[in-house]
Each structure stands twice: as structure tokens, then as C-alpha cells.
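Worksheet: one structure, shown below.
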Amino acid sequence: MTWIETVIIAIVEGLTEFLPVSSTGHMIITQNLLGIPQGDPFVHAFTFIIQFGAILSVVCLYWKRFFQFDNTPAPEGSSLLGKLKHRFYFYWLLIVGVVPAVVIGLLAKKSGLLDWLLDSVLVVAIMLVVGGIFMLFCDRLFNKGSEANKLNEKRAFNIGLYQCISVIPGVSRSMATIVGGMTQGLTRKRAAEFSFFLAVPTMAGATLLDLLDLLKEDAAWATSHNIAMLILGCVVAFVVALLAMKWFVAFLTKYGFKAFGYYRIIVGGIILILLLTGHSLAMVD
């Protein structure tokens, strides 16, 4: 990968991380368009690690709400554990929500399924179209959220189950968790914000796992050039995501998913046509 390719992919990641269009899918498409060889362990790791750079923009933009503690008195008679849970309830919900993704993600990675999916632009194209069709109707199906519905352990866990679907590139972690939140009675805005918060521990874990795997398999990848590209990719993705996030929340709250559904169908359809007619996505073969 070159410096220019790194910046291009990081911009794509920052723009799409919080949109329900699949940032991983768009990075795979971009890598294919740029002619970057698939199957390389460093390219796989780069795809996940710069997502964590984008996710950190959540901590920056929502820092007051991300670092929140419940200072109200715990219920009378609560044990020490109960008091701790009461004070750190927000983080407890994040832990409950991330557990399904940890289990499914580890199984997918150890089985080799995750690496296979990351190499398949066909899977991305199919899931973009399928997800796009679903998004044309999901507002009508699930748009019954209420501000009175608060997050609890059951709702957080169920949203975490929806997040597991996003192990398939092209699904979109953002879409899966926001729709998951809406099925639990949350408003689009509340579902989107919890999706952002849940992304932090999810992507932190995925990033750490990828770094450990890279170091375990072959530390030769850790050249000054590759490390510098990772840092640059994270910084660019962070800045772009910070600019895109607020726009997305405002747009989703006002207009819903339909526009993103049409976008997914068009992009996925074009790629499917190219692949099925024997054309390569690479701009330069």
C-alpha cells in the first residue's frame, strides 16, 4: 500500500463508519478498485485497525455522555456489587451489548470464515443489495420508538445480537445495531447513539485481537513504513468520521433509512453486474 492509497481508504472509512452502508464493505471495494492485493494479513488488519481510529471520534464528540456515572443513591439494601453496577450502569450495558460480538467474532476468526469474507467482494455486493432492499422498508416496520423506552440489560444484549450479523462485510455494523435498537423500542436517534457507543468496545477488542494475531504470526510486518501507514490511516479516519457523524444523526432522525437503501442497491448492483460479466474492479490490472 502507498501513502495515497492509505489516505483514500481512510477517508472512505471515516465517511462510511457511521452510515448504514458498511464501512468494511466500502474499504474492500476501494482496495479492489485501487488494485491492492487481497489476502495479505496486514491489509486485513489495516481494515479493522483504522476503523478503531474512526470510532474514537465517538469518545471525542460525545465525551460528556461517554464518561458518565450515575451519582444518584443506589437502591436501599444494595450489595457492594449492586452499588458498583448502579454507578457504572452505562458501562455495564456496553459490556452486556458487546458479549455476543466477542463470542461470534472469535468463532468467525478462528474458523477462518472472517478472512474469507474479507477477501470476497462478491459477498459485499450481495449484502449491499440485500441490506438496501431491507432498508427501504425498515422505517415502516420498526419506527415505533419512544423516548420513554430506556436501555436495560435485555435491550442491550439483543442489540448486541444484531451487531453479530455485521461480521459479514456489506451488512453494516451501524445498520445492524441501529435497527436492533429500533426493534427494542428505541427512537432512531437513541438507537444511533447507542450504536456509536457500542462500537467503541467492539472495535477496541477487534483491533487488539488483530494486532496480537499479526505479532504472533510474523512480526516482520511491523516495519516503520507499515506502522506509519496505520497511524496516518487512524488519524485521517478519526478526523473525517468526526465531521460526518453529526450530519448522519441529523439526517437519520429527519429522513430515516430509505436514501441509504437506494444507495446500497445502486452500488451493490453495479458491482454485481461488473463481476457477473467478467470484469475486474481494479482500475489498473
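All residue numbers in this chain count up from 1 along the given sequence. Just so you know, these numbers come straight off a predicted model, no measurement behind them.
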Examine [X] and [Y] and state if one hydrophobic cluster contains both, with Ile, Leu, Val, Met, Phe, Trp and Tyr joined whenever side-chain heavy atoms are less than 4.5 Å apart.
X: I168; Y: L122; answer: yes
X: L107; Y: Y162; answer: no
X: M127; Y: V12; answer: no
X: I133; Y: I165; answer: yes
X: F134; Y: F137; answer: yes

Closest non-hydrogen atom pair between [X] and [Y], with its separation:
X: E5; Y: M1; answer: OE1-CA, 3.2 Å
X: A191; Y: I178; answer: CB-O, 3.5 Å
X: A101; Y: T202; answer: CB-CG2, 4.4 Å
X: P201; Y: L94; answer: CG-CB, 4.4 Å
X: S57; Y: L242; answer: O-CD1, 3.6 Å
X: L61; Y: M245; answer: CD2-SD, 3.7 Å

### Ring centers of Y263, H26 separated by less than 6.0 Å
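Ring centres of H26 and Y263 closer than 6.0 Å.
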### Message
If we check ring pair (Phe, Tyr, Trp, His ring centres under 6.0 Å) with F18, which of these qualifies: F251, F196, F248?
### Response
F196
### Task
Anything under 30° is parallel, anything over 60° is perpendicular, the rest tilted; go ahead and classify F197 against F66.
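Correct class here is tilted.
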To the nearest 0.5 Å, tell me how far [X] [atom1] sits from [Y] [atom2].
X: L93; Y: N152; atom1: CG; atom2: CG; answer: 7.5 Å
X: L276; Y: I271; atom1: CG; atom2: CD1; answer: 11.5 Å
X: C138; Y: R188; atom1: SG; atom2: CZ; answer: 8.5 Å
X: I28; Y: S22; atom1: CD1; atom2: OG; answer: 7.0 Å
X: F42; Y: L230; atom1: CZ; atom2: CG; answer: 4.0 Å
X: S166; Y: I104; atom1: OG; atom2: CD1; answer: 11.0 Å

#### Entry: Intermediate values then yes/no, side-chain contact (heavy atoms from CB on, under 4.5 Å), N32 and I36
CA-CA 6 Å; N32 276 268; I36 296 172; over 6 Å; no
Would you check if the side chain of [X] reaches a backbone N or O of [Y] as a donor-acceptor pair within less than 3.5 Å?
X: H86; Y: L81; answer: no
X: R264; Y: V171; answer: yes
X: R173; Y: S195; answer: yes
X: T16; Y: L19; answer: no
X: N149; Y: G185; answer: yes

Taking the side chain as every heavy atom from C-beta outward, state whether [X] and [Y] have any atom pair closer than 4.5 Å.
X: I29; Y: V121; answer: yes
X: I9; Y: L34; answer: yes
X: K258; Y: M135; answer: no
X: F157; Y: V96; answer: yes
X: F90; Y: L151; answer: no
X: I49; Y: C234; answer: yes
X: V21; Y: S172; answer: no
X: L136; Y: F257; answer: no

### Query
side-chain contact (heavy atoms from CB on, under 4.5 Å) between H225 and W3: does it pass, once the steps are laid out?
CA-CA 9 Å; H225 176 74; W3 294 105; 3.7 Å; yes
### Task
Assess whether side-chain contact (heavy atoms from CB on, under 4.5 Å) is satisfied between R190 and K150, documenting all intermediate values.
CA-CA 9 Å; R190 294 299 177 205; K150 304 297 182 184; over 6 Å; no
### Task
I would like to know whether T47 and Q31 meet side-chain hydrogen bond (donor to acceptor under 3.5 Å, both in side chains); could you show each step before the answer?
CA-CA 10 Å; T47 301; Q31 289 165 5; 3.1 Å; yes
### Task
Under the side chain to side chain donor-acceptor pair (under 3.5 Å) rule, collect the residues that match up with W92, sequence neighbours excluded.
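W92 satisfies side chain to side chain donor-acceptor pair (under 3.5 Å) with E153 once adjacent residues are dropped.
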### Query
Which one of V267, I126, L128 satisfies the side chain to side chain contact (heavy atoms under 4.5 Å, CB included) criterion with L272?
I126
### Summary
Which of M182, K154, Q184 passes side chain to side chain contact (heavy atoms under 4.5 Å, CB included) with I159? Answer is Q184
### Message
Before you tell me yes or no, could you show the steps for F260 and M175 under side-chain contact (heavy atoms from CB on, under 4.5 Å), namely the whole-Å CA-CA distance, both residues' side-chain angles and the distance that decides it to 0.1 Å?
### Response
CA-CA 10 Å; F260 298 109; M175 181 189 78; over 6 Å; no
### Message
For the residue pair T177 / Q163, report whether a side-chain donor-acceptor contact shorter than 3.5 Å exists.
### Response
no
### Query
Do S174 and E17 meet the criterion of a side-chain donor-acceptor pair at a distance under 3.5 Å?
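Judged by distance alone, the side chains do not pair up.
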